[in-house]
Amino acid sequence: MNKEFSIHWFRQDLRINDNPSLNYLSTNGDNIVCIFIYDEINCDRQLGSAGKVWLHESLNYLNEQLDNKLLIFKGDPQKIFDEIFNNFNVKKVCWNRCYEPWRIKRDFKLKSNLKKKVNVKTFNASLLWEPWEITKNDGSPYKIFTPFYRRGCLNYKLPRKPESQKISFFNHTMKSINVKDLHLRKQISWEEKLIHKWKIGESHAYNIMKSFFSEGIKDYSEGRNFPNKKNVSRLSPYLHWGQISANQLWYEAEKVRPDVSEENIDIFKSELGWREFFYNLMYHFPEIQSKNLQTKFENFPWDENNNYLECWRRGKTGYPIVDAGMRELWETGYMHNRLRMITGSFLVKNLLLHWHNGEHWFWDCLCDADYASNSASWQWVAGTGTDAAPYFRIFNPITQAKKFDPTGEYIKRFVPELKNIPTKYIFEPWLCPIDVSDSIGFKIGIDYPYPIVDIKQSREKALNAFSSLKTVNYEK
DNA sequence: CCTGGAGTTGTCCTA
DNA sequence: TTAGGACAACTCCAG
């Protein structure tokens with residue numbers, strides 16, 4: 001009756017294929033029982049709204065894959081494991097590692113406690129290289145991407161090859177709560193909208209990967225800059241939740257030669273390298289989410305302006321490309337990378353609002369919200385990171401729009417009130433002559449806002465603020 | 001320890 | 001119209 005089994009603890013590895021922990025248990029012939037624990041107790045930041053929706057759908061999908069054998073728990077993992085050990089005959093507990101500082105702290109303690117009772121094994125399922133493996137020769141962490149990637153990663157051993165096998169799951173008699181009992185969904189229309197934009201689950205991730213490597217990758221290095229083109233993979237949410245692995249993507253990219261140029265392949269792989277870099281930074285600088293990596297920014301004169309912030313969040317800044325990006329985020333739980341830079345730069349440089357505001361909003365709205373990538377990228381945009389853009393690199397939303405959305409189609413897709421404006425004026429609708437706007441029944445200031453800040457003045461203000469910071473730092 | 005080259009994604013002005 | 005340099009100086013990194 002009380003037959004011995006081993007536990008695979010699902011975390012951010014919500015897949016069956018290329019799952020090292022599952023493969024290990026399966027190869028050993030263990031009776032495998034899968035659990036998921038929703039831990040709101042030990043984390044330093046609750047999941048964002050979009051992340052909760054994604055998780056809810058993913059768990060339902062995963063449970064189906066497992067013939068409804070997935071066990072769902074909520075609470076402190078230590079207590080949950082204690083309870084399981086008291087009632088069942090557990091042989092091993094295995095999981096794939098996570099790297100968020102709060103998780104490292106929790107798991108370190110948990111692992112040593114569990115080890116007193118059972119065998120515990122952990123694996124790397126989500127990174128190409130462990131963050132502690134890639135360091136400079138003197139053992140200290142890299143702070144610049146290029147040497148990190150070229151010398152640190154590419155000269156290190158090859159990433160683990162993806163490996164899949166048929167896994168069978170034990171017919172256990174354990175009881176747990178249901179996915180809906182986690183209350184990840186609030187049943188509001190915003191969530192419905194998100195779900196209709198995505199097919200959530202492991203096999204969908206695989207299909208998207210396949211179609212990306214037969215289409216988008218061909219002009220990836222150029223096309224990825226254009227939000228209206230289909231050259232980016234849009235796999236980031238799946239990658240975050242482990243529905244596809246970085247290793248699968250890495251080696252799939254190797255397979256498309258010679259149909260795809262070396263440059264496209266290399267640039268795609270380097271994007272995976274950026275993800276590694278962010279995890280590496282998070283590992284070595286665990287306060288990356290809250291503290292400026294460059295300490296001189298402690299003195300930076302950020303503005304506080306709730307009106308500006310709300311305009312930015314809702315996509316009502318009066319700059320069409322910025323508003324389109326912010327509304328893409330709200331409508332779809334995703335934002336094209338080019339837009340993440342444009343909207344980020346606008347918040348931090350033109351509105352002079354603290355990058356924490358942007359980091360929080362993105363965390364709440366992005367399906368791919370990732371502790372490492374989100375924090376590190378915001379620090380990059382703000383210029384507070386280790387490998388930051390020069391402070392004078394301030395994106396001009398008009399120039400960027402003309403360059404990367406020349407037909408205005410992306411803008412019109414997400415800012416429908418501008419859909420009848422001639423392309424000539426779509427980037428600066430306040431310049432649209434009266435006779436033109438009258439003829440299409442458009443009223444600037446009513447149908448669409450005037451710009452909330454002047455681009456030239458706000459740029460000057462930012463340049464002054466950033467250079468004053470330099471002086472302050474110098475005098476110290 | 002010293003040296004020298006380099007640093008994701010830009011903008012603006014000038015010739 | 002367009003191409004090139006300035007925008008700061010600093011720190012990082014490897015030889």
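Naming: A, B, ... by sequence-line order, numbering from 1 per chain. Hydrogens, waters and symmetry mates play no part in the numbers below; they use all other heavy atoms, side chains included.
- Taking atom P on both nucleotides, C/dA14 is separated from B/dT8 by 13 Å, rounded to a whole Å.
- The phosphate of C/dG15 (OP1 or OP2) has a side-chain N or O of A/Arg151 nearer than 4.0 angstrom.
- Base pairing of C/dG15 is made with B/dC2, judged by Watson-Crick or G-U wobble geometry with both donor-acceptor distances under 3.5 Å.
- Considering only the side chain of A/Tyr391, C/dA8 comes nearest among C/dA8, B/dT11, C/dA14.
- In this entry the distance linking CZ of A/Arg393 with C1' of B/dG7 reads 9 Å, nearest Å.
- Pairing partner, B/dT9: none, since no Watson-Crick or wobble contact has both distances short of 3.5 Å.
- Considering only heavy atoms from C-beta on, A/Leu352 comes within 4.5 Å of A/Lys461 through its side chain.
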Could you list all N or O pairs between the protein and nucleotides 12-15 of chain B that sit under 3.5 Å apart?
unit_1: B/dC12; atom_1: OP1; unit_2: A/Asn396; atom_2: ND2; d: 3.2

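- In this structure, A/Ile321 places its CD1 atom 15 Å from C1' of B/dG10, rounding to the nearest Å.
- The partner of C/dA9, taking Watson-Crick or G-U wobble pairs whose two distances both stay under 3.5 Å, does not exist in any strand shown.
- Within the cation-pi definition used here (under 6.0 Å to the ring centroid, within 45° of the axis), A/Arg103 does not qualify as a partner of A/Phe108.
- Rounded to an integer number of Å, the gap from A/Arg224 CZ to B/dT9 P is 10 Å.
- Using bins of under 30°, 30° to 60° and over 60° for the plane-to-plane angle, the ring pair A/Trp378/A/Phe362 lands in the perpendicular bin.
- A/Tyr308 places no side-chain N or O within donor-acceptor distance of the main-chain N or O of A/Thr317, the cut-off being under 3.5 Å.
- When distances are taken from the side chain of A/Tyr142 to each of B/dG7, B/dT9, C/dA14, the shortest belongs to C/dA14.
- Nearest nucleotide to the A/Asn337 side chain, out of B/dT9, C/dA8, C/dC13: B/dT9.
- Stacking of the aromatic ring of A/Trp274 onto the base of B/dT8 is found: the ring centres lie under 5.5 Å apart and the planes are inclined by under 30°.
- Counting non-hydrogen atoms under 4.0 angstrom, A/Leu463 reaches nothing in the nucleic acid.
- Across C/dA8 and B/dT11, the matching C1' atoms stand 16 Å from one another, rounded to whole Å.
- A/Arg338 has its CZ atom 15 Å from the P atom of B/dT8, to the nearest Å.
- Taking the P atom of each, C/dT1 and B/dG10 are spaced 23 Å apart, rounded to whole Å.
- Regarding contacts with the backbone of B/dT11, a side-chain N or O of A/Gln400 is found under 4.0 angstrom from either OP1 or OP2.
- Across the protein-nucleic acid pair, A/Tyr220 atom OH and B/dT8 atom P stand 16 Å apart, rounded to whole Å.
- Ranking B/dT9, C/dA14, B/dT8 by closeness to the A/Glu271 side chain, first place goes to B/dT8.
- A 4.5 Å side-chain heavy-atom check between A/Asp323 and A/Phe414 finds every atom pair outside the cut-off.
- In this structure, A/Phe277 and A/Trp274 have perpendicular ring planes: the angle between them is above 60°, well past the 30° mark.
- Atom CZ in A/Arg45 sits 7.0 Å away from atom OG in A/Ser375 (nearest 0.5 Å).
- Here the P atom of nucleotide B/dT8 and the CG atom of A/Asn225 are 16 Å apart, to the nearest Å.
- Residue A/Phe392 contributes atom CZ, which lies 14 Å from atom P of B/dG7 at whole-angstrom precision.
- With hydrogens and angles ignored, the 3.5 Å screen pairs no side-chain donor or acceptor of A/Glu202 with any backbone N or O of A/Gly242.
- Between the NZ atom of A/Lys143 and the P atom of C/dC10 there is a distance of 16 Å, given to the nearest Å.
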